[in-house]
Amino acid sequence: MKNTLLGLSCIAAVALSSCGKDKTPVQNTTVDEQEVITQFVNVVGNPNYADIQVKATALNTAIVAFLATPTDANLATARVAWKSARQPWEQAEGYLFGPVEDNYYDPTMDSWPLNRTDVDALIGSSDAITLTSVDALDGFSKGFHGIEYIIFGPGGTRKAADITARQKDYLKYTSESLLNTTTTLRDSWLVKPADYANEIINAGKGSTAFKTRKDLFVTIATQMAAICEEVGTGKMAEPFTERDSTKDESSYSHNTTTDFINNIQGVLNVYTATYNSAKGTTSLSALVASKNAALDTKIKTQIQTALSAMALITPTFEKAIYDNRDKISNSQTALATLQATLEGDLITFIQTNIKD
């Protein structure tokens, strides 16, 4: 996710294995690096991007139903669908590399905070609102947060009867635009000739994106650390420091804290090769544990600490920046600690142990 100053729902329980009395790192277990890569693609990457597209399709369907029958009940259904689509998208930010960044799908769908001035100006004008004109808008005037603004409204209190004909036009085409982008993103991993998943699987074996497996593992670890930094020092910091809830990521829906939690759930997904109820046969966690069990436990513990800290930000992030500030500070500390371990210990581990 992008914001103007940073170029850059449930918490999954983490079952941490006990090291017992012997704290000596395991050195002799063999983990196939290639299988770790394959499991990341097949269990996390491909299913996650497919899930985003499925949820965006459901969101668009709910919006079409609302536009046909604009009742408060149908509006509530669209809101649920919006939050549902946010979950896989925010989790995918745990590995924000490849087409999602190279082809600007991330800023196209999820720039924030929304430029309400431009959106309101478009809606208040006589300019035609079409799919083509919405596609031409910059990311701060469409995407997830454009939809959020219309269906939730400031404070999350908008009623179906309050949504004007021009707002409905904007909502219709912004939803279609978002769905089209999620479809293109999914296909960039799964469909030839793009087939980015194949580039990952063939790291070190002819991949143009990753000349070595080490390059890939460093990229994965770097992006895991990057989302920790973005949440802690970007998404949280600006509204927290300025005590300005309008700068929160998902302020209209009050989904901001859930967005943060899903970001770090994405880190856990990548590290353990898990997505929803699926679990890979091996993972980066298993690779680390095979050579340094203490580091593996440290990383998983710090992920869980960050998730648990963010779960205490109540009742919403929008209120917590005024009334529950210590919980936000604690979360930032936990995220900074995890970030330092990922970009320090984990990358050092990769540089030392991945030999191709």
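Atoms CD and CG, on Q91 and N48 in that order, are 6.5 Å from each other to the nearest 0.5 Å. The CG atom of N353 sits 8.5 Å away from atom CG of N292, with the distance rounded to the nearest 0.5 Å. Here H145 contributes atom NE2 and T174 contributes atom OG1; the two are 13.0 Å apart, rounded to the nearest 0.5 Å. The NZ atom of K247 lies 4.5 Å from the CD atom of E238; values are rounded to the nearest 0.5 Å. The line from CD1 of I350 to OG1 of T219 is 9.0 Å long, rounded to the nearest 0.5 Å. Between the CG atom in L185 and the CE atom in M109 there is a gap of 5.0 Å [rounded to 0.5 Å].
Looking at residues two or more places apart in sequence or on another chain, you find no ring-ring contact (aromatic ring centres under 6.0 Å, His included) involving Y271. For the ring-ring contact (aromatic ring centres under 6.0 Å, His included) test, residues two or more places apart in sequence or in another chain that qualify with Y149 are Y252. Applying the side-chain contact (heavy atoms from CB on, under 4.5 Å) rule to R325 yields the partners F240, R243; only residues at least two apart in sequence or on another chain are considered. Taking E318 as the reference, nothing meets the salt bridge (Lys or Arg N to Asp or Glu O under 4.0 Å) condition, with sequence neighbours excluded. Residues satisfying the side-chain contact (heavy atoms from CB on, under 4.5 Å) criterion with T77, sequence neighbours excluded, are A62. Residues satisfying the side-chain contact (heavy atoms from CB on, under 4.5 Å) test with A209, not counting sequence neighbours, are Y196, E199, S207. Contacts of T314 classified as side-chain contact (heavy atoms from CB on, under 4.5 Å), with partners at least two apart in sequence or in another chain: N324. Every residue was checked against the salt bridge (Lys or Arg N to Asp or Glu O under 4.0 Å) condition with K83, not counting sequence neighbours, and none meets it.
The two atoms that bring K327 and L312 nearest to each other are CG-O, 3.6 Å, heavy atoms only. Across all non-hydrogen atoms, the minimal contact from I200 to I37 is O-CG2, 3.4 Å. Nearest heavy atom pair, residue A306 against residue A334, reads CA-CB, 3.8 Å. In plain terms, the two heavy atoms of S331 and I313 that are nearest each other are OG-CD1, 3.5 Å. The two residues G94 and V270 come nearest to each other via the heavy atoms O-CG2, 4.1 Å. Between P88 and Y275, the closest heavy-atom pair is CB-OH, 3.3 Å.
With hydrophobic clusters built from ILVMFWY side chains whose heavy atoms lie under 4.5 angstrom apart, L114 shares a cluster with L178. When hydrophobic clusters are built by joining Ile, Leu, Val, Met, Phe, Trp and Tyr residues whose side-chain heavy atoms come closer than 4.5 Å, directly or via intermediates, L131 is grouped together with L137. A chain of hydrophobic side-chain contacts below 4.5 Å, direct or via other Ile, Leu, Val, Met, Phe, Trp or Tyr residues, connects V41 to V31. One hydrophobic cluster holds both L342 and V36 under the rule that ILVMFWY side chains link at heavy-atom gaps under 4.5 Å. Under the 4.5 Å side-chain contact rule for hydrophobic residues, M224 and L96 share a cluster.
No side-chain donor-acceptor contact under 3.5 Å links S177 to the backbone of Y173. Under a 3.5 Å cut-off, the side chain of S175 and the backbone N or O of K172 do not form any donor-acceptor pair. The main-chain N or O of L179 is found under 3.5 Å from a side-chain atom of T182 such that the two form a donor-acceptor pair. Checked by atom type and distance alone, the side chain of N255 never pairs as donor or acceptor with a backbone atom of T258 at under 3.5 Å. Distance alone, capped at 3.5 Å, places no donor-acceptor pair between the N263 side chain and the E93 backbone. A donor-acceptor contact shorter than 3.5 Å links the side chain of N330 to the backbone of D326. Under a 3.5 Å cut-off, the side chain of S125 and the backbone N or O of L122 do form a donor-acceptor pair. With hydrogens and angles disregarded, a donor-acceptor distance shorter than 3.5 Å links the side chain of K142 to the backbone of D135. Of the possible polar contacts, none joining the R186 side chain to the I52 backbone as a donor-acceptor pair under 3.5 Å is found. Checking side-chain atoms of T233 against main-chain N and O of E230 turns up no donor-acceptor pair under 3.5 Å.
Counted by atom type alone, D248 and T256 present zero donor-acceptor pairs between their side chains at under 3.5 Å. A donor atom on one side chain and an acceptor atom on the other are not found under 3.5 Å apart for Q302 and T337. Donor-acceptor pairing under 3.5 Å is recorded for the side chains of S308 and Q304. A donor atom on one side chain and an acceptor atom on the other are not found under 3.5 Å apart for S141 and N115. With hydrogens and angles left out, the side-chain atoms of N269 and Q265 include a donor and acceptor closer than 3.5 Å.
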Passes side chain to side chain contact (heavy atoms under 4.5 Å, CB included), T57 versus T183? Steps please. CA-CA 9 Å; T57 300; T183 301; 5.7 Å; no
Go through it in stages, so that I can follow the logic: the residues are T130 and T132, the test is side chain to side chain donor-acceptor pair (under 3.5 Å), and I'd like the CA-CA distance, side-chain angles, deciding distance and then a yes or no. CA-CA 5 Å; T130 65; T132 299; 4.5 Å; no
Test side chain to side chain contact (heavy atoms under 4.5 Å, CB included) on L190 and D195; report intermediate values, then the result. CA-CA 5 Å; L190 294 169; D195 197 13; over 6 Å; no
Using the rule given for side chain to side chain contact (heavy atoms under 4.5 Å, CB included), can you reason through Y322 versus S245, listing the C-alpha separation, both sets of side-chain angles and the distance that settles it, and then say yes or no? CA-CA 9 Å; Y322 307 109; S245 62; 3.6 Å; yes
Apply salt bridge (Lys or Arg N to Asp or Glu O under 4.0 Å) to residues E90 and K235 and explain how you reach the verdict. CA-CA 13 Å; E90 291 298 300; K235 295 180 180 184; 3.4 Å; yes
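Between W82 and F152, the distance separating the two ring centers is shorter than 6.0 angstrom. Between Y95 and Y49, the ring center distance clears the sub-6.0 Å criterion.
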Please tabulate, for the side chains in residues 64-72, all donor-acceptor contacts under 3.5 angstrom to protein atoms that are two or more places apart in sequence or on a different chain.
from: T71; atom 1: OG1; to: N74; atom 2: N; distance (Å): 3.1
from: D72; atom 1: OD1; to: A160; atom 2: N; distance (Å): 2.8

Going by atom type alone, with no hydrogens or angles, which donor-acceptor pairs under 3.5 Å involve a side-chain atom of residues 279-286 and a protein atom two or more places apart or on another chain?
from: S283; atom 1: OG; to: S285; atom 2: N; distance (Å): 3.3
from: S283; atom 1: OG; to: A286; atom 2: N; distance (Å): 3.1
from: S285; atom 1: OG; to: D296; atom 2: OD1; distance (Å): 2.6

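Evaluation of the salt bridge (Lys or Arg N to Asp or Glu O under 4.0 Å) test over residues 158-171, restricted to residues two or more places apart or in two chains, returns none. Sorted by first and then second residue, the salt bridge (Lys or Arg N to Asp or Glu O under 4.0 Å) pairs with a member in residues 43-70 read D51-K55; sequence neighbours excluded.
Aromatic ring orientation, W189 versus F97: tilted (interplanar angle from 30° to 60°).
The shortest side-chain heavy-atom distance between M310 and M236 falls under the 4.5 Å cut-off.
K214 has no carboxylate O lying under 4.0 Å from a charged side-chain N of D356, or vice versa, which leaves the two without a salt bridge.
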